[in-house]
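Below you'll find the structure, written out as structure tokens, and then a few comments.
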There are 2 protein chains.
Amino acid sequence: MQTQSDIRLTPQRQVILEELAKVKTHPTANEVYDMVRKRLPRIGLGTVYRNLELMADNGMILKLEVGGSQKRFDATTDLHYHIRCTGCGRVDDIQFSAMPQLDQLAANSSDYQVLGHHIEFSGICESCDDPQEAKK
Amino acid sequence: MQTQSDIRLTPQRQVILEELAKVKTHPTANEVYDMVRKRLPRIGLGTVYRNLELMADNGMILKLEVGGSQKRFDATTDLHYHIRCTGCGRVDDIQFSAMPQLDQLAANSSDYQVLGHHIEFSGICESCDDPQEAKK
DNA sequence: TTAATAAATGAGAATGTGTATTATTCCTAT
DNA sequence: ATAGGAATAATACACATTCTCATTTATTAA
Ligand SMILES: [Mn+2]
Ligand SMILES: [Mn+2]
Ligand SMILES: [Zn+2]
Ligand SMILES: [Zn+2]
């Protein structure tokens, strides 16, 4: 039995992990593809999707199913929350400490076996808040 | 100025609203389409999408951008939280009281103008937890 | 009431994200 | 070196959602 299964560290997987770890932007699969392609020009988009999914299943990275039409990925796997700009779609971390005790509350008030939770704030980021700034 | 703008209550919109209000299941656009079609057999799927979107923009209903590949809709607009079954995808309400003060916390720890938040729990629903039950 | 104008609809095409298929390449273990 | 299994690249496919536009329906102004 292993949740952290022994997945083979192919060159593609290594580069995907490294590039994802470099950024704090919670990139989409396509954005990861673009980053990775600079180092592995022949990699396929399917490989990126397949491996991001696989790494998320193995707990090596997080798959964020936030608002908007695309899933996003996060190299930081400890429980933390996010805010999404309704203007431009960017996703940033929210720094205050997580509240794992919420899971117990949810378990008490439902018939589910609760596995976890995520909080997604929405708002307007600095660039979108200040159109003058953007025009300059 | 009106957030709750004066949207015309066409027969299509009325039926969409009524059918959505009937259920507690947070249906997808397609599921709403199926419900509505029993009363308005000639309605177009595009009309359902267009009006669900418009009603959500006007605060008449909620659009839930939860995990999974489809958006879901909710006739209950006051702040409350949801849990999604990772087995079958169903979405239910979580009954404990909302925490609007979280928005202030998020505002303090970010550069965003915070507009709101949503909490999505994940877990296993009763039917999915009990395969025997499902087989019967 | 009627004519003009505007808004909404229905049908279907188009877009975009993500998944499945498959032949080929790459590892790994004998 | 060889055989079996795993991973990849290319591409086809699925499907949720949006877009386009001709037609219908509602509103407004004579
Ligand atoms: Mn993060
Ligand atoms: Mn609800
Ligand atoms: Zn923004
Ligand atoms: Zn379930």
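Throughout, protein chains are lettered first and strands after them, A, B, ... in sequence-line order, and every chain is numbered starting at 1.
Using the six-membered ring where Trp is involved, His82(A) and His118(A) have ring planes that are tilted, between 30° and 60° apart. Between Phe96(A) and Phe121(A), the angle of the ring planes goes over 60°, which puts this pair in the perpendicular group of the 30/60° scheme.
The phosphate of dG18(C) (OP1 or OP2) has a side-chain N or O of Tyr49(A) nearer than 4.0 angstrom. The phosphate of dT8(D) has OP1 or OP2 within less than 4.0 Å of a side-chain N or O from Thr10(A). At dC26(C), none of the side-chain N or O atoms of Gln12(A) fall inside 4.0 Å of OP1 or OP2 (strictly under the cut-off). Put simply, Arg8(B) has no side-chain N or O that comes within less than 4.0 Å of OP1 or OP2 on dA26(D).
Taking CG of Leu64(B) as the start and CG of Leu62(B) as the end, the distance is 6.0 Å to the nearest 0.5 Å. One distance of note links CD1 of Ile124(A) with CG of Asp129(A); it measures 6.5 Å at 0.5 Å rounding. With rounding to the nearest 0.5 angstrom, the OH atom of Tyr112(A) is 9.5 Å from the CD atom of Glu126(B).
Both Val36(B) and Met60(B) are part of a single hydrophobic cluster, where members link through side-chain heavy atoms under 4.5 Å apart. When hydrophobic clusters are built by joining Ile, Leu, Val, Met, Phe, Trp and Tyr residues whose side-chain heavy atoms come closer than 4.5 Å, directly or via intermediates, Val48(A) is grouped together with Ile61(A). Transitive grouping of hydrophobic side chains (ILVMFWY, heavy atoms separated by less than 4.5 Å) keeps Val66(A) and Leu79(A) in distinct clusters.
Contacts of residues 32-48 of chain B with DNA chain C (heavy atom under 4.0 Å): Arg42(B), Ile43(B), Gly44(B), Thr47(B). Residues from residues 67-77 of chain A that place a heavy atom under 4.0 Å from any atom of DNA chain D: there are none.
If you take CG of Leu52(A) and C1' of dT8(D), they are 15 Å apart, rounded to a whole angstrom. Distance, Met55(A) CE to dA7(D) P: 11 Å, rounded to whole Å. dG18(C) atom C1' lies 15 Å from atom CD of Glu31(A), rounded to whole Å. Regarding Gln14(A), its CD atom lies at a distance of 15 Å from the P atom of dA7(D), rounded to whole Å. Note: CG (Asn51(A)) to C1' (dA6(D)) measures 12 Å, nearest angstrom. At whole-Å resolution of the value, CG in Asp57(B) and P in dT18(D) are 10 Å apart. In this structure, Leu9(A) places its CG atom 13 Å from C1' of dA7(D), rounding to the nearest Å. Distance Ile16(B) CD1 to dA8(C) C1': 12 Å, rounded to the nearest Å.
Nearest-nucleotide positions on DNA chain D place Asn30(B) closer to the 5' end than the other of Asn30(B) and Pro11(B).
Residue contacts shown for Arg50(A) include a base, since a base heavy atom lies under 4.0 Å away.
Using a 4.0 Å cut-off between charged side-chain N and carboxylate O, Glu18(B) and Arg39(B) make a salt bridge. Residues Glu19(A) and Lys22(A) are paired through a salt bridge, judged by an N-O separation under 4.0 Å between the basic side chain and the carboxylate.
With the end axes of the helix from dT1(C)-dA30(D) to dT30(C)-dA1(D) each set by five pairs, the angle from one to the other reads 30° at 10° resolution.
Heavy-atom minimum distance, Asp74(A) versus His80(A): OD2-NE2, 3.1 Å.
Side-chain atoms of Leu20(A) and His26(A), non-hydrogen and from C-beta on, never get closer than 4.5 Å to each other.
Side-chain proximity of Glu53(B) to dT18(D), dT9(C), dT17(C): nearest is dT18(D).
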